[in-house]
Amino acid sequence: MRFTYPRSFLALLLIGFSIVAAPLLFALFSNALAFERLAELSEHAVHSAIKETQASRALLTSITAIERSGRQYAVAGETTFLEAYNANRASFQALVRQLNGMSLSDTQRAEVAAIEKHEASVHELIGRMGPVPELTRRLPREYAALGERAQVLVQLGDQAIDEGIEQLRTQAVKSRNSVFWLMIALIPTAVLLIAWFTFLIARPITQVSESIRGLGEGQFAKPIRIEGPGDMVRLGAQLDWLRERLVTLEAQKTRFLQHISHELKTPLTALREGSDLLSSGVVGNLNAEQREIARILQENSIELRKLIEGLLNYSAVHAQTSYLDAKIVQLRDVVRRAVSDRKLPIVAKGIRIELNCEHVTAYCDEEKIRIVLDNLLSNAVKYSPERGLISIKLYKDHGDAVFEVLDEGPGIPPHEREKIFEAFYRGTDMPVAAIKGSGLGLSIVKEYVQLHNGQIEVLEGPGAHFRIRIPRKKTDTEEEAA
Ligand code: ADP
């Protein structure tokens with residue numbers, strides 16, 4: 001399922017929070033509803049149970065009152081007793097009506113009907129017999145039976161209360177269980193929703209931060225696209241515009257460098273040839289001072305030529321940074337070649353070279369790796385003291401091929417360890433003899449190492465200590481097979 005982002009980041013946040021809160025609100029609402037139902041049920045049950053019990057007990061009392069007045073009438077035969085009897089009956093009948101109007105169980109209802117019927121038969125008996133001794137004898141028996149029935153009705157009421165309480169308890173347990181299962185289902189849902197929205201919110205931010213880092217590291221090849229709410233997508237488009245701008249600037253810079261170094265070459269050649277002619281004495285003999293000037297001219301034009309070559313080299317590197325001519329390469333051979341290429345200055349300075357190279361192959365661009373090693377070695381030779389020792393190591397580490405180059409020169413101060421890889425940066429604290437570089441060597445080294453997805457670092461040491469790692473990739477298996 002693909003999520004369609006809203007137009008703004010704020011809307012995404014609001015939607016996220018609402019969706020995450022929805023199941024929790026639902027749980028809260030359904031809990032409240034369950035408890036409300038329970039409360040209603042218990043209130044209703046208690047209320048009607050009390051009413052029923054009160055009415056049943058009143059019925060019992062009213063039967064006693066009828067009995068008393070009925071028996072008095074039977075014994076004395078006075079109309080006052082008959083009137084009292086009738087009044088008591090009326091209130092008895094009112095109670096019966098009240099009970100019938102309540103929500104009674106079937107047994108209770110049958111009992112009320114039976115009581116009513118029995119009382120009616122007793123009343124009929126009183127009306128038929130009138131105040132005679134026979135009635136005086138029969139009435140206690142009849143009323144005792146009626147009283148017993150009323151007693152049964154009271155008991156039935158108590159029983160109904162117990163049943164009601166039991167029902168409430170069952171209902172409470174049921175509600176508690178349903179709340180429990182609801183929570184069991186909703187909490188993981190809420191957690192999953194939180195995780196999903198965190199991902200949706202974090203993704204565009206991560207993409208923006210990665211794109212900016214990529215731009216900072218000079219990775220301009222991949223277009224920038226941000227997936228997210230409308231405003232973040234627009235931000236991505238602006239970043240991509242910035243990337244294109246940087247690509248253009250980079251190309252302009254390279255072109256400018258190429259032009260300028262090319263243009264410089266012609267007058268420089270003339271300058272060099274002129275100074276050569278002067279020094280060789282072809283155009284006439286020079287005195288000692290003139291010779292000295294000619295020598296300074298010659299030396300500096302050589303120096304200038306080196307700088308220009310460096311510039312050309314640098315722009316060439318930039319022109320082909322995306323290009324890797326990779327194949328399986330015996331790295332030990334590349335190291336040996338780099339050393340033999342630098343034989344002259346090494347011998348001239350009486351430098352000793354210590355090689356510690358394992359048999360390592362890697363899938364890489366041989367020429368670029370050679371240039372990397374050559375640059376490191378030429379720096380090492382340049383900054384080494386006379387008769388110093390340069391040590392070169394090559395070994396495998398996990399999936400990487402690792403080179404280390406160490407010398408006994410002044411080393412690189414910690415605050416310069418990042419900067420030396422910048423183009424045109426030259427160390428501040430160099431012995432006079434060594435300050436001849438263009439400051440481009442290490443920037444080319446870094447460029448090439450990164451092109452191989454490798455790393456270069458400067459380690460602590462008395463002298464300079466560089467370590468380069470490049471992934472051996474593909475070769476891991478191919479080498480074993482070879
Ligand atoms: P340069 O042409 O100046 O040598 P690099 O890019 O090769 O340019 O090196 C940049 C700076 O790094 C140098 O100016 C120097 O300060 C420092 N550096 C490089 N290699 C060494 C080394 N082996 N020993 C001491 N300093 C070094």
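Atoms within each ligand, like the ligands themselves, are counted from 1 in listed order.
- Ligand 1 has no N or O atom lying under 3.5 Å from any N or O atom of Y425, backbone or side chain.
- The closest approach between G409 and ligand 1 stays at or above 4.0 Å for every heavy atom of the residue.
- In this structure, the separation between CD1 on I353 and NZ on K343 is 10.5 Å, given to the nearest 0.5 Å.
- Taking distance alone, with nitrogen or oxygen atoms compared against 3.5 Å, K382 approaches ligand 1 more closely than that limit.
- Remark: the backbone N or O of E40 is not paired with any side-chain donor or acceptor of E43 at under 3.5 angstrom.
- At least one donor-acceptor pair under 3.5 Å links the side chain of N375 to the backbone N or O of I371.
- Among pairs with a residue in residues 225-248, those fulfilling side chain to side chain donor-acceptor pair (under 3.5 Å) read D240-R243, at least two apart in sequence or across chains.
- In terms of polar-atom proximity, defined here as any N/O pair under 3.5 Å, N379 does make such a contact with ligand 1.
- Each of the following atoms of ligand 1 lies closer than 4.0 Å to a heavy atom of G441: 5 (P), 6 (O), 7 (O).
- E460 meets the salt bridge (charged side-chain N to carboxylate O under 4.0 Å, His left out) test with R417; sequence neighbours excluded.
- Distances below 4.0 Å separate heavy atoms of A464 from the following atoms of ligand 1: 22 (C), 23 (N), 24 (N).
- For the pair Y383 and ligand 1, the shortest N or O to N or O distance falls below 3.5 Å.
- For D407, every heavy-atom contact with ligand 1 shorter than 4.0 Å involves the side chain, none the backbone.
- Remark: of the listed residues H359, E404, E358, E404 is the sole one forming a side chain to side chain donor-acceptor pair (under 3.5 Å) with Y395.
- Residue contacts with ligand 1, taken as heavy atom pairs separated by less than 4.0 Å, involve L442 via backbone and side-chain atoms alike.
- Counting non-hydrogen atoms of neighbouring residues, nucleotides and ligands closer than 6.0 angstrom, the CG atom of L344 reaches no more than 12 such neighbours.
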